Protein chains: 2
Amino acid sequence: MNDSVVEIGSRAGALPPATARLSDVAAHAGVSTKTVSRVVNNEPNVRPQVRERVMLSVVTLGYRPNAAARALVTQRTHQIGLITTASSLYGPTAGLFSLEQAAWKAGYALTLTTVREPSEGELAEAIRYLLARGVEGVIISGATGVLHLAPSALAGMPVVSTSPVSDAAPNHVVVDTDQSMGARAAVRHLYDLGHRRIAHIAGPLSWHAAVQRRDGWLRGMKDAGLEPGPVVEGDWSAKSGHEAAFSLDRAEVTAVFVANDHMAMGAIRAFTEKGIQVPGDMSVVGFDDVPEAAYQMVPLTTVRQDFVAGAERSVRELVQLIENQPIETTSIYLPTELIVRDSTASVIALDTA
Amino acid sequence: MNDSVVEIGSRAGALPPATARLSDVAAHAGVSTKTVSRVVNNEPNVRPQVRERVMLSVVTLGYRPNAAARALVTQRTHQIGLITTASSLYGPTAGLFSLEQAAWKAGYALTLTTVREPSEGELAEAIRYLLARGVEGVIISGATGVLHLAPSALAGMPVVSTSPVSDAAPNHVVVDTDQSMGARAAVRHLYDLGHRRIAHIAGPLSWHAAVQRRDGWLRGMKDAGLEPGPVVEGDWSAKSGHEAAFSLDRAEVTAVFVANDHMAMGAIRAFTEKGIQVPGDMSVVGFDDVPEAAYQMVPLTTVRQDFVAGAERSVRELVQLIENQPIETTSIYLPTELIVRDSTASVIALDTA
DNA sequence: GTAAAATGCCCTGTCAGGCCA
DNA sequence: ATGGCCTGACAGGGCATTTTA
């Protein structure tokens with residue numbers, strides 16, 4: 001056993017990974033740590049050959065800067081925190097990966113936090129947790145009614161959220177889908193098909209998005225001069241849509257605007273069970289355009305929202321806030337698109353049936 | 001404009017929140033920094049009154065320990081990294097939030113990373129990125145065929161994944177659903193209904209899960225003494241299930257085992273378009289049991305997997321690895337459950353039809 | 001007085017920036 | 001123009017010291 005013996009076996013030498021430090025690289029390259037630092041951080045004033053030599057040492061030793069040490073001295077962590085509700089609903093998750101990728105591109109890492117309910121207490125706890133982790137900004141996504149955030153809890157940290165906050169803080173931008181626009185387009189579409197009695201199956205009204213969609217429906221009805229039909233509240237699940245649809249009477253209603261696709265699926269199933277054909281006897285419009293919406297037994301007419309765009313925009317705004325760049329507006333609403341498929345039909349079809 | 005002018009407007013005074021440090025608390029409470037440290041970390045040997053006084057100062061000054069400094073000195077970050085494929089497939093996302101909650105409970109934060117494809121290169125990059133962030137372990141989830149991880153890239157870091165790795169590292173545990181068991185149960189169920197010619201719509205075979213399910217189906221067929229029907233490969237999407245089903249001939253096949261629910265939905269839609277009734281003319285079994293599976297027009301018979309349990313187990317194993325506690329096994333396979341609904345029926349029904 | 005508990009000093013960990021050679 | 005040295009960013013560990021029983 002001497003220095004030149006190569007250890008055999010997978011775990012041999014599995015001591016602490018023995019990460020190389022700046023000083024190790026310096027020693028290896030025969031320069032000062034400062035010079036290595038300059039090379040690593042791409043600063044000027046290093047001769048090309050020296051730079052080359054240092055680079056080589058960096059690779060050889062597998063050096064990577066210690067994030068903690070760097071954060072300590074630069075006072076920057078390049079971490080952003082994401083607070084979201086812990087449910088595998090399509091909406092909240094759809095934008096998640098886009099969020100991460102946008103953050104990565106902008107040079108930030110994403111730390112995830114979940115809350116069961118976006119109550120003031122839970123949010124405050126999540127924020128404290130993220131603050132302790134040193135995040136430089138927070139995105140609050142999915143979920144959430146109007147947020148109640150004690151400004152003190154935020155300690156001035158930038159926030160981007162899909163819902164507005166009660167105490168408007170200066171470092172806050174709202175990025176959301178224009179829910180109201182989507183809902184109104186749905187109503188308009190049904191109106192154009194001749195529907196006059198249009199019900200609504202809402203999401204849980206503790207959610208800002210659910211309220212927005214309901215209000216958009218309400219406003220669409222009013223704009224069309226129609227008396228709003230009944231509203232039934234669900235919880236976003238197919239199951240709740242199924243239950244909600246059972247309480248809707250065919251005699252009173254010819255169409256339903258449903259606040260998301262999964263509830264719409266449940267509703268269509270329920271109508272079928274009751275002997276009501278979709279779209280022959282009843283038109284249904286969903287919201288989200290989940291990937292499988294087009295491939296249902298009755299392909300779903302729905303309102304598409306662009307989660308990817310929303311995620312990218314959120315990160316962009318947050319980074320601007322963090323880096324103190326000027327922002328244009330504090331509320332951004334992204335457009336929706338109505339996707340017409342087979343779950344809606346003209347009332348004519350109904351009267352003939 | 002001089003120093004004393006207070007800036008007016010939304011961004012005024014958005015200077016660093018001026019977080020209190022340990023020494024500030026110490027000064028405020030009239031003790032040494034070490035004592036404050038003890039109080040903050042709940043260590044013994046501090047008189048109750050002193051502890052109380054320090055706590056008060058902590059609250060008054062809004063002190064929270066600087067994560068970077070703490071990480072630097074303790075050589076612990078309490079961060080774990082998650083590498084997952086960037087797609088909003090149900091599987092990968094379903095366990096995500098459970099993962100975060102389990103990590104939180106164990107005292108770890110979760111940093112998210114996505115790869116487009118689980119290639120060796122992309123994985124290596126993701127790992128370097130996480131390593132640079134100081135994570136203490138990695139969970140590789142969703143996605144992924146057999147992983148090719150250069151052990152050197154890992155630098156001995158603990159890994160838990162849903163897929164096995166090619167170069168088995170000692171610090172590695174596989175936690176996965178017992179895909180094969182699920183597939184065999186599906187075949188068995190179809191067999192018991194009298195089906196003999198059973199096709200398979202597979203997931204993308206670059207995915208380990210897809211291969212496992214196909215192999216399970218294959219083995220189930222063999223065990224039952226049946227000749228395997230055709231296999232068509234999809235990409236997990238409803239769209240691909242729809243396309244795949246079109247290539248299946250009713251004359252050759254009376255049932256299909258589909259590798260996930262969304263493809264199964266697309267397949268059912270396709271059969272319907274071709275005038276093949278489900279389950280009258282064709283039985284379909286899915287996999288996952290997505291929440292809306294029960295509320296399809298044809299409620300889906302499917303194989304349920306417990307993503308929550310998988311997530312919790314993954315975190316548990318990883319933490320054990322990180323904290324150098326003994327682990328029992330290096331491969332853990334969680335059971336599945338066959339959920340029988342309406343998309344499968346006896347072939348008798350078919351023959352009478 | 002002694003042992004034990006409580007408290008504090010000093011130094012370390014890693015990297016970047018300022019100053020100086 | 002380059003490169004070296006020293007310090008600062010913050011919290012925790014080891015041990016020495018003071019207090020208490």
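So you know, we letter chains A, B, ... as the sequences are listed, proteins then strands, and number each from 1. All of these numbers come straight from a predicted model, not from anything done at the bench. Note: hydrogens, waters and symmetry copies are ignored here, and every other heavy atom, side chains too, is used.
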Tell me if the CZ atom of A:R76 is crowded by more than 12 foreign heavy atoms within 6.0 Å.
yes
Contacts satisfying salt bridge (Lys or Arg N to Asp or Glu O under 4.0 Å) that involve residues 63-75 of chain B (not counting sequence neighbours) are none
Report yes if some heavy atom in the side chain of A:L110 is under 4.5 Å from a heavy atom in the side chain of A:W104; otherwise report no.
no
Cut-off 3.5 Å, side chains only: do A:H172 and A:S161 have a donor facing an acceptor?
yes
When the C1' atoms of the five terminal pairs at each end define the local axes, what inter-axis angle does the helix from C:dT2-D:dA21 to C:dA21-D:dT2 show, to 10 degrees?
40°
Would you say the side chains of B:T35 and B:S32 form a donor-acceptor pair under 3.5 Å?
yes
Which letters describe nucleotides 7-20 of chain C, given B = protein heavy atom under 4.0 Å from base, S = only from sugar-phosphate, - = neither?
BBB---BBBSBB--
Which of B:T111, B:T113, B:T114 passes side chain to side chain donor-acceptor pair (under 3.5 Å) with A:E100? Answer is B:T114
Ion pair present between B:E317 and B:R313, side-chain N to carboxylate O less than 4.0 angstrom?
yes
Would you check if A:V31 and A:V36 make a side-chain contact, meaning some heavy-atom pair closer than 4.5 Å?
yes
CD of B:Q49 versus P of D:dT19: gap in Å, rounded?
15 Å
